[in-house]
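Numbered from 1 within each chain, the chains take letters A, B, ... in sequence-line order.
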Protein chains: 2
Amino acid sequence: MIHDYSFEDKVLLAVDCIIFGFDEEDLQILLIKRDFEPEKGNWSLMGGFLKKDEDLDQAANRILHHLTGINNVYMEQLYNFSKVNRDPAERTLSVAYYALINIAEHRQELTENYSAKWFKISDYPSLIFDHDQMVQKAIARLRYRTSTNPIGFELLPEKFTMRQLQKLYETILNEKLDKRNFINKIKSLDILVKLNEKDMVSSRKGSFLYKFDAKKYNAKVEEGFSFRL
Amino acid sequence: MIHDYSFEDKVLLAVDCIIFGFDEEDLQILLIKRDFEPEKGNWSLMGGFLKKDEDLDQAANRILHHLTGINNVYMEQLYNFSKVNRDPAERTLSVAYYALINIAEHRQELTENYSAKWFKISDYPSLIFDHDQMVQKAIARLRYRTSTNPIGFELLPEKFTMRQLQKLYETILNEKLDKRNFINKIKSLDILVKLNEKDMVSSRKGSFLYKFDAKKYNAKVEEGFSFRL
DNA sequence: TTTATTAGTGTAGATTTTACACTTAGTAAA
DNA sequence: TTTACTAAGTGTAAAATCTACACTAATAAA
């Protein structure tokens with residue numbers, strides 16, 4: 001039984017972020033080229049180290065903000081990766097977080113001020129250390145989470161079309177969905193508001209825009225409703 | 001961009017284990033009375049600190065074995081708890097793991113050699129630090145995991161009756177299940193073997209014993225089967 | 001031999017999921 | 001202004017799954 005903490009080993013704790021975006025057709029992740037050794041010049045998740053006066057959520061937000069200028073997005077802790085030699089330079093553990101970004105809203109700030117680059121999930125370079133494993137685990141978690149919570153909307157503009165939403169789920173779940181069945185399902189959930197506004201980009205006819213109604217959703221949850229796609 | 005790791009803060013990393021058992025009627029957790037300050041004399045999860053030459057899975061197994069004599073059980077990393085003042089004595093983070101134990105098989109060694117005690121999930125003392133939160137999160141994860149993976153069997157003896165299995169799921173999911181529907185569902189999964197043996201304890205008639213057929217399950221998974229209860 | 005107790009079994013109705021094809025609205029080109 | 005083009009939008013029948021429900025069977029103890 002341990003009494004005196006001072007005999008215990010301390011470790012460096014990194015926080016690495018899998019940042020997801022969605023752009024019309026593809027689920028994407030935001031990567032940076034590492035500019036220091038080891039693995040200098042190779043692609044990497046965004047990361048940093050936990051400081052002693054912050055918790056992990058704060059660290060993840062700080063790191064995301066520092067490297068991208070982005071604030072206030074959906075983030076969730078994923079897993080603590082701890083293999084002894086995962087970082088050849090020194091013993092570090094890394095707590096992975098994933099974040100959901102609305103690409104369109106943040107494209108400017110990202111490309112103007114930071115050296116990050118978006119890659120399609122279906123075709124991204126291999127990453128340093130165990131970062132590939134982190135991405136795979138993040139995708140699995142994202143699949144589960146988007147099926148049980150209405151967080152997919154975080155990846156879309158505030159106003160979106162049914163086709164965008166469907167395409168998003170198809171991409172995340174990696175399966176083709178039937179248009180009518182999908183719309184019927186979504187409508188039956190009754191957590192969207194249909195706007196009197198059309199998106200005219202995707203077709204001549206134009207398609208109606210919808211918004212996620214968070215207030216309605218929360219009220220329904222109070223009454224026992226649970227989202228399930 | 002960080003270059004020299006030596007300027008970064010290091011932290012103490014604890015590993016705490018939520019150890020689940022199941023005993024006829026109730027889901028239980030194994031707790032110990034803390035015998036050092038702070039919070040001496042209060043009930044606590046089993047924990048210890050990560051050593052620099054082991055990964056978290058190893059640490060969790062070592063701690064479990066050291067405090068209970070138990071080896072080779074199902075364990076899964078849960079979450080990394082990191083609130084700055086969660087341990088008033090010193091800044092520590094804690095990675096929670098949960099374990100599934102077949103109580104009957106381990107009762108002897110536990111009560112003979114160690115000072116741990118089983119408590120019903122429905123009625124256990126309040127715990128030190130953020131350990132109550134850990135337990136709640138572990139229950140939620142257990143609920144999800146047992147619905148999507150055949151790990152419930154880890155909590156039962158190798159040979160078990162349908163009623164035991166049903167009672168187990170009822171307890172974990174916290175809802176009453178219909179006997180016939182449950183059995184039909186389980187049978188349709190086709191991953192159990194019925195033995196020519198009866199358990200005569202629970203009734204005069206006796207009830208047939210079953211075993212989980214891991215080989216068959218794995219073969220089915222290969223072919224695209226997925227467990228879902 | 002009777003009694004008491006839990007094990008074990010099937011089905012009809014309700015609900016949910018799936019598969020599937022044509023019309024409409026609007027733009028752009030002729 | 002007519003025509004052609006493109007993606008949006010809509011409903012239903014069949015299949016699959018889920019749910020509710022009650023009696024008989026086997027055995028040990030009295």
Side-chain angles (χ1 to χ4, degrees), chain A residues 22-26 143 146-148 156-157 159-171 173-211 220 224-229, chain B residues 23-26 143 146-148 156-157 159-171 173-211 220 223-229:
Chain A
F22 179 73
D23 187 9
E24 303 303 317
E25 290 287 306
D26 296 290
R143 237 167 234 167
T146 50
S147 310
T148 54
L156 295 175
K159 302 171 181 182
F160 51 84
T161 67
M162 279 289 178
R163 311 323 304 291
Q164 284 178 290
L165 188 61
Q166 181 181 346
K167 192 74 199 149
L168 173 69
Y169 275 100
E170 287 182 337
T171 308
L173 302 175
N174 195 30
E175 59 181 321
K176 200 106 188 90
L177 301 173
D178 178 86
K179 179 167 51 159
R180 275 180 287 192
N181 292 342
F182 181 79
I183 292 178
N184 288 340
K185 185 67 181 281
I186 294 290
K187 280 189 176 163
S188 78
L189 295 177
D190 189 28
I191 53 174
L192 298 189
V193 260
K194 185 177 186 171
L195 306 175
N196 276 328
E197 228 180 305
K198 280 185 164 185
D199 168 88
M200 300 307 294
V201 174
S202 62
S203 73
R204 308 237 159 105
K205 181 178 176 178
S207 65
F208 279 102
L209 290 163
Y210 292 80
K211 276 164 91 167
K220 293 188 74 166
F225 169 79
S226 62
F227 182 94
R228 178 149 292 270
L229 199 105
Chain B
D23 187 9
E24 302 303 318
E25 290 288 307
D26 296 289
R143 239 167 232 167
T146 49
S147 308
T148 54
L156 295 176
K159 303 171 181 181
F160 51 85
T161 67
M162 278 290 177
R163 310 321 302 295
Q164 284 178 290
L165 188 61
Q166 180 180 346
K167 192 77 198 146
L168 172 69
Y169 275 100
E170 286 182 338
T171 308
L173 302 175
N174 196 28
E175 59 182 320
K176 199 107 188 95
L177 301 173
D178 178 86
K179 180 167 53 159
R180 275 180 288 193
N181 293 342
F182 181 79
I183 292 178
N184 288 339
K185 186 66 183 280
I186 293 290
K187 281 188 176 164
S188 78
L189 295 176
D190 188 29
I191 54 174
L192 297 189
V193 262
K194 184 176 186 173
L195 305 175
N196 276 326
E197 228 179 305
K198 281 186 165 185
D199 169 88
M200 299 307 292
V201 175
S202 63
S203 74
R204 309 238 158 103
K205 181 178 177 179
S207 65
F208 279 103
L209 290 163
Y210 292 80
K211 275 165 91 168
K220 292 188 76 167
E223 287 163 15
F225 170 79
S226 61
F227 181 94
R228 178 148 293 271
L229 200 105

> Whole-Å distance between C:dT17 P and A:Arg228 CZ?
Replying inline: 11 Å
> Who pairs with B:Arg204 by side chain to side chain contact (heavy atoms under 4.5 Å, CB included), at least two apart in sequence or on another chain?
Replying inline: none
> Who are the side chain to side chain contact (heavy atoms under 4.5 Å, CB included) partners of A:Ser203, not counting sequence neighbours?
Replying inline: A:Lys205
>> What is the distance, to the nearest angstrom, from the CG atom on A:Asp199 to the C1' atom on C:dA25?
In response: 15 Å
> Under the side chain to side chain contact (heavy atoms under 4.5 Å, CB included) test, which residues partner B:Ser202, sequence neighbours left out?
Replying inline: B:Asp199, B:Ser207
>> Quick check for you: name the first and last nucleotides of DNA chain D, 5' to 3', having an atom under 4.0 Å from a heavy atom of chain A.
In response: D:dC5 to D:dG11
> For B:Asp178, which residues count as a salt bridge (charged side-chain N to carboxylate O under 4.0 Å, His left out) partner, sequence neighbours excluded?
Replying inline: none
>> When the axes are fitted on five pairs at both termini, how much does the helix from C:dT1-D:dA30 to C:dA30-D:dT1 curve, in 10° steps?
In response: 0°
> Pairs in or reaching into residues 184-194 of chain B: which pass salt bridge (charged side-chain N to carboxylate O under 4.0 Å, His left out), with residues at least two apart or in two chains?
Replying inline: B:Asp190-B:Lys216
>> A:Tyr169: which residues meet the ring-ring contact (aromatic ring centres under 6.0 Å, His included) condition with it, sequence neighbours left out?
In response: none
>> Restricting to ring-ring contact (aromatic ring centres under 6.0 Å, His included), what partner residues turn up for A:Phe182, sequence neighbours left out?
In response: none
>> The criterion is side chain to side chain donor-acceptor pair (under 3.5 Å); which residues satisfy it with B:Asp26, sequence neighbours excluded?
In response: none
> Does B:Glu170 have any side chain to side chain contact (heavy atoms under 4.5 Å, CB included) partners at least two apart in sequence or in another chain, and if so, which?
Replying inline: B:Gln166, B:Lys167, B:Lys176, B:Leu177
> Where each residue is assigned the nucleotide of DNA chain C containing its nearest heavy atom, which of A:Lys185 and A:Met200 is assigned the position nearer the 5′ end?
Replying inline: A:Lys185
> Under 6.0 Å from the NZ atom of B:Lys220, do we count more than 12 heavy atoms belonging to anything else shown?
Replying inline: yes
With 3.5 Å as the limit, what N/O pairs link the protein to nucleotides 6-8 of chain C?
unit_1 : atom_1 : unit_2   : atom_2 : d
C:dA7  : OP2    : B:Arg163 : NH1    : 2.3
C:dA7  : N3     : B:Lys205 : NZ     : 2.8
C:dG8  : OP1    : B:Phe208 : N      : 3.0
C:dG8  : N7     : B:Lys179 : NZ     : 3.1
C:dG8  : O6     : B:Lys179 : NZ     : 3.1

